[in-house]
Engineer: 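Please see the structure below; I have some questions.
In listed order, ligands and their atoms are each counted from 1.
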Amino acid sequence: MTVVKTLGQFIIEKQTDFPYAKGELSRLLRDIGIAAKIVNREINKAGLVDILGEAGNINVQGESQKKLDVYANEQFISALSVGGECALVASEENEEVVLLNKAVSKNAKYVVAIDPLDGSSNIDVNVAVGTTFSIYRRKSKEGPATVEDILQKGTEQVAAGYIVYGSSTMLVYTTGKGVNGFTLDPSIGEFCLSHPNITIPETGHIYSINEGNYVHFPDGVKRYIKYCQVEDEATARPYTSRYIGSMVADLHRNLIKGGIYIYPTTASAPKGKLRLVYECNPLAFIIEQAGGRATNGYERILDIEVTEIHQRESIFIGSTKMVLLAEDFMAEYSPKEILKVV
Ligand code: AHM
């Protein structure tokens with residue numbers, strides 16, 4: 001008989017990894033899992049938009065349709081609010097941090113950063129999208145939580161994860177003791193452990209970058225891309241180029257198969273496009289826990305000072321050997337001092 005372990009069972013089992021745990025973090029993770037299932041249900045209906053009505057329209061039940069990223073934001077915030085373990089949320093969808101239901105969360109120890117629906121433009125064309133989240137212990141001990149509570153380096157993350165809504169829906173998370181992946185079984189409505197102890201291959205044959213921006217890339221990145229494209233039997237080059245344009249999906253594939261994902265600085269995004277707090281940091285934590293590496297080409301993502309919630313950063317993330325080599329190209333052709341002067 002096949003033994004199925006659900007996300008809920010797994011979280012409770014793993015609570016013993018933390019001898020003084022009172023179950024708060026477990027409940028928080030469970031709340032995120034619940035919201036993910038609701039969001040997944042709605043994403044699966046996205047193709048029916050012509051039948052059910054576009055976002056902004058009134059649907060057949062007389063309810064107004066919401067854009068999915070707004071819907072996802074509301075679902076995650078409401079699950080965290082009702083759960084009561086989270087004091088404050090920083091979301092891609094909200095300019096300012098959101099203080100949660102004070103009555104429920106007044107003793108809450110945690111704060112959460114989230115991108116509720118990353119790569120949302122892909123929804124219209126039935127391509128995978130994702131959610132990323134980071135959990136921190138709040139810094140203040142009393143009173144209402146403030147933005148300062150979440151302005152913490154990635155190294156301070158207590159847990160982080162992502163959900164990829166793809167050909168199947170998966171939730172992958174870490175609490176700093178390895179990485180585990182759960183696939184949603186729609187027939188029972190549960191995330192089931194499908195990928196225990198995920199490790200990323202030390203090297204791979206996939207590079208993921210939006211090459212349309214090539215002309216604007218730093219020289220180090222241009223040279224690294226050319227390196228990936230050169231024929232060389234010993235290193236199995238040329239590598240394969242794969243870019244979905246949905247960071248979670250690109251990262252998830254590279255995590256399983258081995259590869260590198262790069263979103264460097266460009267002319268239109270001089271500090272990089274992706275957001276440090278709710279995109280780069282959670283994914284960097286996961287990839288490091290899986291044995292990979294995540295930097296901005298020079299320094300470790302998790303060590304970067306956080307000064308504002310929507311801060312942008314460039315990222316080189318994936319299989320350790322590939323990221324290290326890309327960093328060598330950066331050091332040689334785009335040394336940090338030169339970039340600063342430009
Ligand atoms: P979004 O928050 O507007 O969805 O942007 C984030 C996404 C990432 O998921 C993806 O990797 C990247 O932006 C793609 O950007 P580009 O279209 O510039 O390649």
Engineer: Check this for me: does any side-chain nitrogen of one of E190 and K37 sit under 4.0 Å from a carboxylate oxygen of the other?
Structural biologist: yes

Engineer: Which protein non-hydrogen atom lies closest to atom 11 (O) of ligand 1, naming both residue and atom, and how far is it?
Structural biologist: Y261 OH, 2.6 Å

Engineer: Nearest to atom 10 (C) of ligand 1 by heavy atom, G245, S208, S268: which?
Structural biologist: G245

Engineer: Check whether the side chains of R237 and T235 place a donor and an acceptor atom closer than 3.5 Å, and report yes or no.
Structural biologist: yes

Engineer: Please write down residue, atom name and distance for the protein heavy atom closest to atom 12 (C) of ligand 1.
Structural biologist: K273 NZ, 3.7 Å

Engineer: What residue and atom, counting heavy atoms only, is the protein's closest point to atom 18 (O) of ligand 1, and at what distance?
Structural biologist: Y263 OH, 2.6 Å

Engineer: Would you please indicate if the ring centroids of Y278 and H310 are separated by under 6.0 Å?
Structural biologist: yes

Engineer: Report the part of R275 (side chain from C-beta onward, or backbone N, CA, C, O) that has a heavy atom under 4.0 Å from ligand 1; answer both or neither where that applies.
Structural biologist: neither

Engineer: Below 4.0 angstrom from a heavy atom of E92, which ligand 1 atoms are there? Numbered from 1 as shown, please.
Structural biologist: 2 (O)

Engineer: So that I know where these two stand, are F329 and Y224 an aromatic pair - ring centroids less than 6.0 Å apart?
Structural biologist: yes

Engineer: Do the charged groups of E42 and K45 touch, with an N to O distance under 4.0 Å?
Structural biologist: yes

Engineer: In terms of side-chain geometry, is the basic nitrogen of E305 or K153 positioned less than 4.0 Å from the acidic oxygen of its partner?
Structural biologist: yes

Engineer: State whether the shortest distance between N or O atoms of G119 and N or O atoms of ligand 1 falls below 3.5 angstrom.
Structural biologist: yes

Engineer: Which residue and atom name correspond to the protein heavy atom nearest atom 9 (O) of ligand 1, and how close is it?
Structural biologist: D118 OD2, 2.5 Å

Engineer: Counting each atom of ligand 1 from 1 as listed, which ones have a heavy atom of E279 under 4.0 Å away?
Structural biologist: 2 (O), 6 (C)

Engineer: Run the numbers for me: atoms of ligand 1, each under 4.0 Å from some heavy atom of M247, listed by number.
Structural biologist: 8 (C), 9 (O), 10 (C), 11 (O)

Engineer: I want to know if ligand 1 touches Y243 in the polar sense, i.e. an N/O pair below 3.5 angstrom.
Structural biologist: yes

Engineer: Is the count of non-hydrogen atoms from other residues, nucleotides or ligands lying under 6.0 Å from K321 atom NZ greater than 12?
Structural biologist: no

Engineer: Side chains of E211 and Q229: do they bring a donor and an acceptor to under 3.5 Å?
Structural biologist: yes

Engineer: Closer than 4.0 Å to some heavy atom of S120 - which atoms of ligand 1 meet that?
Structural biologist: 4 (O)

